[in-house]
K.L.:
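This is the structure I want to talk about, given as structure tokens.
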Amino acid sequence: MPPMLDIKLIRENPEKVKKAIESKNEKGDVDKLLKLDKQRRDLIYITEDLKKQRNENSSQVALAKKEGRDAQALIVKTKEISQQIKEHDEKLQQIENEIYTELSRLPNLPHGDVPIGKDAADNVEVKRWGSIPEFDFKALDHLQLGERLNILDFKRGGKVTGSGFPVYKGLGARLERALINYMLDIHINEHGYTEIFPPFLANRESMFGTGQLPKLENDMYLADKDDLFLIPTSEVTVTNLHRDEILPGDKLPIKYTAYSACFRREAGSYGKETRGFLRVHQFNKVEMVNFVRPEESYQFHEQLLKEATDILERLNIPYRVLLLCTGDLSFAAAKCYDIETWSPAEQKWLEASSVSNFEDFQARRANIRFKDEQGAKPAFVHTLNGSGLATSRLMVSLLENYQTDEGTVIIPEPLRPYMGNMDIIKRSY
RNA sequence: GGAGAGAUGCCGGAGUGGUUGAACGGGACGGUCUCGAAAACCGUUGUGCGCAUUAGCGUACCCAGGGUUCGAAUCCCUGUCUCUCCGCCA
């Protein structure tokens, strides 16, 4: 049973841990944990001593039988010891379950660079790139463009599944596919990634490993006949690829990129924000996942950010980068950048990517370690991931930024090879 | 979905109740030999937890979880996964 936060860290710095949890607007009973930890260690001490006695007695029984002596008295006595061991083990199991439950609810601790803050309003903009387009005509939003060009069909998506399940059609479907392929190709060919095509459903162990469970159970779709969750991000299936493994040190860093559809219930969200692509239940995303040595993880975090924004720069889509404050940081992240792309119609920034360093939080929960040479002590890797990128929000920015006064959309140069060398999307029937 | 077989260390593979954390072989690493290499020979070669934290000591782990027993990798039950055959199917 792998730990999540290191119990030793909590044992030695309880106040620091309490403060960190608070800064993330999370809860956790550190005092209860400390108490249980003490109980556990005391019990282990007693129980192991009993086990030692039992093992010694059993050896003597064997010896006695071999020599034809009577061992009945010893057997009776040992039986009692075994009974005690059983009781102690049950109690220990119970305590460890409690520790596990408490521990698994504790969020990751924020990195020292992360600004203290309450919510999204306290996030810090650290970069802005590209120029916001100014149109000398009335800019259409992505819904109007989608309808006018006959490339998106939210209405029929609602019919066949429900609202929030977009349908791409004709050149819209092709553009979506082009984006996915383009991003994958850049990551594979230029950013040093290995492509993974992962399952879109994951079991509870995996969901726990990356930190979706227990907190987000209600935000995910569950296929309950098989107790499998539809993945909210391929981070889940890709990171868990190496669950319960000890990786050879010379294999690090491991960089995987994966396309997947992503499924989110978005329970409780409604209103204007849910229009079109702004908030959907199913979207497409190309994800990047890194497994790295602990001392290198912040260097890779910066690089991951570059790899994600590289796509936007090549597509010439204006974006900004936010450093999330403690209060807006997700449960599992130690530090996170959000990348937001500009929507001319909404006149606001839309989150298209989150680039996170989880340090050893996911690695502990998923038990992913590395070892340099035989005999060396295994250590937890650091895991990072970033969307590179989510196509739904990107599609909004792309359509809106590249629109013309005729209501058509120019295809960005890099995507043209993926679109049969077309350079513009016009209405097709 | 039905019938059967199986799951042991980095790999192959033994082991059906008593010093077996695990034979044997391979690989890897260190050493001897060599100008160097190969071969040969010698040695090392898992993980968690607790105590000491320098060496170490103890305990648990042979897919997972229960059970039987003084004692289980070995026996019993349940689950998961893999393979073979049949059925169904994109």
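Chain letters run A, B, ... following the sequence lines, proteins first, then strands; residues in each count from 1.
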K.L.:
Within this structure, what is the CD1-to-P distance between A:Ile99 and B:rC49, rounded to whole angstrom?
P.N.:
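Nearest whole value for this atom pair: 13 Å.
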K.L.:
Tell me the interatomic distance from A:Arg11, atom CZ, to B:rU53, atom C1', rounded to whole angstroms.
P.N.:
13 Å
K.L.:
Counting only heavy atoms not in A:Glu413, do more than 12 sit closer than 6.0 Å to its CD atom?
P.N.:
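No, because the 6.0 Å sphere around CD of A:Glu413 holds 12 heavy atoms or fewer from other groups.
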K.L.:
Which dot-bracket string fits RNA chain B when only Watson-Crick or G-U wobble pairs with both atom distances under 3.5 Å count, crossing pairs get [ ], and | stands for a partner on a different strand?
P.N.:
((((((((.[[[..)..(.....]]]((((((.......))))))((((((....)))))).[[[[[..)....]]]]])))))))....
K.L.:
I want to check something: taking the side chain as every heavy atom from C-beta on, are A:Phe380 and A:Arg365 in contact at a cut-off of under 4.5 Å?
P.N.:
no
K.L.:
What is the distance, to the nearest angstrom, from the CZ atom on A:Arg54 to the P atom on B:rU69?
P.N.:
14 Å
K.L.:
Check whether any side-chain nitrogen or oxygen of A:Asn55 sits under 4.0 Å from OP1 or OP2 of B:rG71, and answer yes or no.
P.N.:
no
K.L.:
Pick base, sugar-phosphate or nothing for A:Ser59, based on heavy-atom distances below 4.0 Å to the nucleic acid.
P.N.:
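The residue A:Ser59 makes no contact with any strand.
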K.L.:
I'd like to check A:Arg204 versus A:Glu217 (side-chain heavy atoms, cut-off strictly below 4.5 Å). Are they in contact?
P.N.:
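They are in contact (side-chain heavy atoms under 4.5 Å apart), so the answer is yes.
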K.L.:
How long is the line joining CD of A:Gln83 and C1' of B:rU69, in whole Å?
P.N.:
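Between C1' of B:rU69 and CD of A:Gln83: 13 Å.
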K.L.:
Taking the side chain as every heavy atom from C-beta outward, state whether A:Glu98 and A:Gln39 have any pair of such atoms under 4.5 Å apart.
P.N.:
no
K.L.:
Please tell me which of A:Arg41 and A:Leu74 maps to the more 5' nucleotide of RNA chain B, matching each residue to the nucleotide holding its nearest heavy atom.
P.N.:
A:Arg41
K.L.:
Can you confirm whether or not the ring centre of A:His382 sits under 6.0 Å from the ring centre of A:Tyr298?
P.N.:
no
K.L.:
Calculate the interatomic distance between A:His88 atom NE2 and B:rC49 atom P; express it in whole Å.
P.N.:
22 Å
